[in-house]
2 protein chains.
Amino acid sequence: MPLDPLSSTFAALADPTRRAILARLALGETSVMELAKPFDMSLPAISKHLKVLEHAGLISRGREAQWRPCRIAPDSFKQVDGWLGNFRRFWDESFNRLDGLLEEMKAEEAAKAPPRSNRKVSNPKVRVTKEKQRGRTRG
Amino acid sequence: MPLDPLSSTFAALADPTRRAILARLALGETSVMELAKPFDMSLPAISKHLKVLEHAGLISRGREAQWRPCRIAPDSFKQVDGWLGNFRRFWDESFNRLDGLLEEMKAEEAAKAPPRSNRKVSNPKVRVTKEKQRGRTRG
DNA sequence: AGGTTATTTAACCAATGAGCTAAGTAGATG
DNA sequence: CATCTACTTAGCTCATTGGTTAAATAACCT
């Protein structure tokens, strides 16, 4: 049951209804009724979807009389974006160029100040045979 | 059942094993055996995970003798990033700053949507700058 | 041909997830 | 209070998913 946060966030995003709800919420906070309107689906179904989104940290809910207005919650989006960042170099050209620059800058910086690395690297579980294999032939 | 592409991609990402596999593949193309090593899991299980990732367009597979090397496929990542872009203004400060001009112009539209209001969502414009701009400062 | 290695397919099972209807709760209002 | 509106919970299906073991395929190597 206790799925890690990133997993529940991705799972929540893996449903078109839920993504449509989020798209609507990107326009602004609104009620459950309002959110349900576009869908040919029972209200309880929507309620469940909202629960999933909330549990995934993608929305938060307030209380206003009998309404429970929903709004986007940024944190989980940020998490997803962060994770995705590990792969950005595979498709984002400008990122690659920037990355190259940063590498250079880091190298220079390292040359100036010798590193004092006492970092706690605990789990070398993914023991990779080759540290970094470069030279993909991909456009 | 043919789930739409974005849904199957998110679904594929909603599993820690599969994300770990992708993380390994970010270091470079490798075989199924190699990918399976870190996991306490049968080989068929890994094979299934790879099938899911492939069907989601997150990896592609080659053929080299009896090995079927896997590598990252950028397209689906790009799709996810694109979708996420619709929400970037909710958390990315630099994005917001650049978008600030438009924001002022549309200050009226944002407001708060009182739940009882019956107004139609007649402005489907999702205020997103057309050019992707991303001031990433990772690490 | 026969064997070893790499990987997939088949058949099964337990758990989850998305949908439904019907009933329950909470707050506003007559 | 009674009722209406706005939701949520409960209980039930049915399909999908993540894992298993056993068997099949595929390519290489004697």
Side-chain angles (χ1 to χ4, degrees), chain A residues 1-22 24-25 29-56 58-71 129, chain B residues 1-22 24-25 29-56 58-71 113-119:
Chain A
M1 197 124 112
L3 215 52
D4 66 292
L6 206 45
S7 292
S8 21
T9 302
F10 276 125
L13 293 175
D15 184 290
T17 302
R18 287 195 288 260
R19 288 199 308 280
I21 289 176
L22 290 173
R24 168 62 188 84
L25 288 179
E29 166 174 331
T30 194
S31 73
V32 177
M33 276 302 196
E34 191 66 30
L35 285 173
K37 270 180 192 164
F39 303 102
D40 185 20
M41 196 180 291
S42 73
L43 210 49
I46 300 292
S47 188
K48 268 194 188 178
H49 281 307
L50 292 175
K51 199 194 251 176
V52 172
L53 287 170
E54 186 179 25
H55 183 249
L58 289 161
I59 68 172
S60 70
R61 303 206 246 183
R63 255 171 207 246
E64 250 177 71
Q66 65 250 241
W67 296 275
R68 247 130 281 193
C70 305
R71 69 194 79 86
T129 43
Chain B
M1 286 334 192
L3 215 52
D4 65 291
L6 205 46
S7 292
S8 21
T9 302
F10 276 124
L13 293 175
D15 184 290
T17 303
R18 286 194 291 258
R19 288 200 307 279
I21 288 176
L22 291 174
R24 168 58 188 87
L25 288 178
E29 166 174 332
T30 194
S31 73
V32 177
M33 275 303 196
E34 190 66 30
L35 285 173
K37 270 181 194 165
F39 303 102
D40 185 20
M41 195 180 291
S42 71
L43 212 49
I46 300 292
S47 189
K48 272 191 184 181
H49 281 306
L50 292 175
K51 200 194 251 177
V52 172
L53 287 170
E54 186 179 26
H55 183 250
L58 288 162
I59 68 172
S60 71
R61 303 206 245 181
R63 259 174 203 243
E64 252 178 68
Q66 65 251 240
W67 296 276
R68 246 133 281 193
C70 304
R71 68 195 77 87
R116 59 194 352 156
S117 89
N118 215 13
R119 78 196 171 109

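In what follows, every chain begins at residue 1, and chains take the letters A, B, ... in the order their sequences are listed.
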Quickly work out the I21(B) CD1 to dG18(D) C1' distance and round it to whole Å.
12 Å

Value in whole Å for how far the P atom of dG17(C) lies from NZ of K51(A)
12 Å

Integer-rounded Å distance: dT17(D) C1' and H55(B) NE2
14 Å

Contact string for nucleotides 24-29 of chain D, one letter per nucleotide 5' to 3', B = base within protein heavy-atom range under 4.0 Å, S = sugar-phosphate only, - = neither, reads ---SS-

At their closest point, which heavy atom of I21(B) faces which heavy atom of F39(B), and how far apart are they?
CG1-CE1, 3.9 Å

Using atom CZ of F39(B) as one end and atom P of dT7(C) as the other, report the distance to the nearest whole Å.
15 Å

Could you grab the distance from atom NE2 of H55(B) to atom CG of L3(B), nearest 0.5 Å is fine?
8.5 Å

Proximity to DNA chain D (any heavy atom under 4.0 Å), residues of residues 41-50 of chain B only
M41(B), S42(B), P44(B), A45(B), K48(B), H49(B)

Report the distance from atom OG1 of T30(B) to atom CH2 of W67(B), rounding to the nearest 0.5 Å.
11.5 Å

E54(B) atom CD is separated from dT7(C) atom P, nearest whole Å, by 13 Å

Separation of dT16(C) C1' from D15(A) CG (nearest whole Å):
14 Å

Using the test side chain to side chain contact (heavy atoms under 4.5 Å, CB included), find all partners of R71(A) that sit at least two apart in sequence or belong to another chain.
E29(A), S60(A)

Would one find a side-chain N or O of R18(B) under 4.0 angstrom from OP1 or OP2 of dG19(D)?
no

Under 4.0 Å: is that the gap between some side-chain N or O of S31(A) and OP1 or OP2 of dC7(D)?
yes

Kindly indicate whether the side chain of E54(A), heavy atoms from C-beta on, has any atom under 4.5 Å from the side chain of C70(A).
no

Round to the nearest Å and state the distance from L3(A) atom CG to dT16(C) atom P.
10 Å

Do M33(B) and I46(B) have side-chain heavy atoms sitting under 4.5 Å apart?
no

List the atom of L50(A), the atom of I59(A), and the distance in Å for their closest heavy-atom pair.
O-CD1, 3.7 Å

Report the C-alpha separation of D4(B) and R19(A) in whole Å, then their side-chain angles, then the decisive distance to 0.1 Å, and conclude whether the salt bridge (Lys or Arg N to Asp or Glu O under 4.0 Å) test is met.
CA-CA 12 Å; D4(B) 65 291; R19(A) 288 199 308 280; 2.8 Å; yes

Find the distance M33(A):CE to dA28(C):C1' and express it as a whole number of Å.
15 Å

Rounded to the nearest 0.5 Å, what separation is found between the OG1 atom of T17(A) and the CG atom of L35(A)?
12.0 Å

